[in-house]
Participant: 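After the structure tokens below, expect a handful of questions from me.
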Amino acid sequence: MSASRRADALVAAAETLDALAIDQGAVIDPFAAIDRLGLTLSITKLDNLLGAVVPQGDGGVLITSERSPAIQRYTAAHEIGHWILHEDHLRMDGETEVLGRPSSEMEREAQLFAGYFLMPPPLLNRAIAAYDLRPGGIHSEDVYRLSRDLDVSYEASARRLYAARLIDRTALTQILELGRMSAMQRASAGHRPADGLADVWDATSDEEVVSLVVEEHDEVVMGFDEQRLAGWRWMTAEELARRNSGSARPLQRPLAPAVLPVRPDRYPGERDNPMSRLTVDGRAALEPHGAPESDPGHSDLRRTEPPAAVVEDTFEAGGERETPAQRRRRRTARARGRSSQVDDHVDAAEPQIGGNGVRTFVVRAAVPGEWNLQLYYAHAYDPRDEPLLTYELRLRIQATPTTAFRVRRLQSDLDQRLSGDPDDREEFEVDVA
Amino acid sequence: MSPSDNQPNEHRVVGARLRDARLATGLTQAEVAEALGMSRPTLAAVEKGTRKITGLELRRLARLYQRDVAWLLGEEGPDVTDGSALNRATANLSDADKEQVLRFAEFLAAQRRTEGGTAARPRPRPPAEPT
């Protein structure tokens, strides 16, 4: 592709962002942009196509419901690129056209457009600063985190970093070959989500409150040191209440955590995740109008289940703070009676009997809404003992583009009249027998 | 309610087309029934072809599913201005993908017809201010 056509695609993306008055320092919502361009959006089941731009009428964009939100968003930006750059052509895009290395010049232009549109320089620079990314020091897990937080595909993030000269061709190839799933596991202590299209967030922190904005099906991993043999446990509010009432011994397996509805006024500053999806620009355009709970119209989309739940709760003695080699060295040293010299993992002031273990919780987001998890680090047996530490995870779970689209269809004006509509009272046979 | 006589061929597809259109949109019978203010058994009967559908219900379903009424009623082929070009352009797609693209094109064209004529449309420009 000639340099001038390449530059044209980038300029067109910048001009479109400007013309739509989209905040280029925040995560971009291509679906809101489709609305503002006067295009009709449809998210529907497709087999091989990722998306299409259809010029009939006032024009429309078709997006598959079968891919991850990040790929849906990237495809949407790609189709906007075709619409802006390529006049009134029907364009139908599969894997190669959107994500691969297509031979068609138009497709390469649409890819460049999409990369710039979803990751304009202000947003990219903000992310680079937030993660302190430097040329030569960017690894696959950094690319995964960047793609997750900007809500774009892993491949698109890698290519964008390459285009911005932050990674070289060799690194790009390695990052693409490793793939998103491996990069995600590297970024989240090896955790693999039940839904391979979903993201994983590591909310392990010494902070008392961690706030995250995630999407349906995403999973959040938290790991905490626990002096279990010395009697210390991380407990949910319910477990702590049981301990205090003296009604029960601590359970071997913790109870399901209390689900506490969060009042909106408890979200004054979501500061812990600077690139959180909370900053999505215009996402409201795809949100249901009004609270889903108060809408009697749509049973299946009404939120009857809790928005999230703890799906894994494990304790690993020794835990990940100690590699097998370190553990071997420590045990060998202890056997030789000179433990303090080499044991840099267990504080001598702490009871040696306990050792360090790591308690890991995994939370899975189920449906849009708000949910929080409160944990207390306290003595598991003594009801008079106050919690030593507290931790609170505050989750805001956003609808995926597909869910948001379905909700919007159900709330659309069904009484719009078009020419060619039948008389309301006319009856039609529908026999399929 | 149940039609006991043999219906002409084109009638046989209406229920099936309504069902296919709903599934492509990812909506459940319960969701659609509630949006239209009908009972779920009624919608199920329509999709199975054991209950007639009124013009009002048909129109609302067409809007909900982003489909052209004429197609839901059993018309064949894309009713779009350059239908044959569309058919050629979509020749390499899978049947299901081709179906989705053609039906969407048909829906967009039908919307346009109503809003007035076939005049060449100006390319919508981005609005000067956010809406």
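Naming: A, B, ... by sequence-line order, numbering from 1 per chain. These numbers come from a predicted model, not from an experiment.
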Participant: Ion pair present between A:Glu109 and A:Arg5, side-chain N to carboxylate O less than 4.0 angstrom?
Facilitator: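 The answer is yes: the pair qualifies as a salt bridge.
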Participant: Could you look at B:Val69 and say if it's the side chain, the backbone, both or neither that has a heavy atom under 4.5 Å from chain A?
Facilitator: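 Side chain only.
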Participant: Let me know if A:Val61 has heavy atoms under 4.5 Å from chain B in its side chain, its backbone, both or neither.
Facilitator: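 For A:Val61, the contact with chain B is made by the backbone alone.
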Participant: Check each atom of B:Leu58 against the heavy atoms of chain A and say whether the ones under 4.5 Å are side chain, backbone, both or neither.
Facilitator: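 It is the side chain, since no backbone atom gets that close.
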Participant: Can you check whether A:Ile71's main-chain N or O pairs, donor with acceptor, with A:Thr75's side chain at less than 3.5 Å?
Facilitator: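 Indeed, once roles are kept as given, a pair shorter than 3.5 Å links the two residues.
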Participant: Pick out which of A:Arg73, A:Glu107, A:Arg91, A:Glu97 makes a side-chain hydrogen bond (donor to acceptor under 3.5 Å, both in side chains) with A:His78.
Facilitator: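 Exactly one pass, corresponding to A:Glu107.
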Participant: Determine the option with the most heavy-atom pairs under 4.5 angstrom with chain A, choosing from B:Leu23, B:Thr25, B:Leu64.
Facilitator: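 Among B:Leu23, B:Thr25, B:Leu64, the one with the most close pairs to chain A is B:Leu64.
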Participant: Among B:Thr90, B:Asn92, B:Val32, which has the most heavy-atom pairs under 4.5 Å with chain A?
Facilitator: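 Looking at each of B:Thr90, B:Asn92, B:Val32 in turn, B:Thr90 comes out on top.
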Participant: Taking only residues two or more places apart in sequence, or in another chain, which ones meet B:Ser94 in a side chain to side chain contact (heavy atoms under 4.5 Å, CB included)?
Facilitator: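 By the side chain to side chain contact (heavy atoms under 4.5 Å, CB included) rule, B:Ser94 matches A:Asp47, A:Asn48, B:Ala96, B:Asp97.
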Participant: Just so I understand: if I count every heavy-atom pair under 4.5 Å between each of B:Leu56, B:Thr54, B:Leu18, B:Asp95 and chain A, which residue has the most?
Facilitator: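 The answer is B:Leu56.
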Participant: Might you point out which heavy atoms bring A:Ala21 and A:Arg36 nearest each other, and give the distance in Å?
Facilitator: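 Closest heavy-atom pair between A:Ala21 and A:Arg36: O-NH1, 4.0 Å.
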Participant: Can you tell me which of A:Thr64, A:Asp423, A:Leu414, A:Thr44 forms the most heavy-atom pairs within a distance under 4.5 Å of chain B?
Facilitator: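 Between A:Thr64, A:Asp423, A:Leu414, A:Thr44, the count favours A:Leu414.
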Participant: Given that the side chain runs from C-beta out, which part of A:Leu49 has a heavy atom under 4.5 Å from chain B: side chain, backbone, both or neither?
Facilitator: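 It is both, since atoms from each part get that close.
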Participant: In plain terms, say whether B:Asp20 and B:Arg67 are close enough for a salt bridge, that is, a side-chain N and a carboxylate O under 4.0 Å apart.
Facilitator: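 No, B:Asp20 and B:Arg67 are not salt-bridged.
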Participant: Not counting sequence neighbours, which residues clear salt bridge (Lys or Arg N to Asp or Glu O under 4.0 Å) with B:Arg59? List them please.
Facilitator: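 In terms of salt bridge (Lys or Arg N to Asp or Glu O under 4.0 Å), with neighbours along the sequence ignored, B:Arg59 is linked to A:Asp415, A:Asp424.
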Participant: Of the backbone (N, CA, C, O) and the side chain (C-beta and beyond), which part of B:Leu93 lies under 4.5 Å from a heavy atom of chain A, both, or neither?
Facilitator: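 Just its side chain gets close to chain A.
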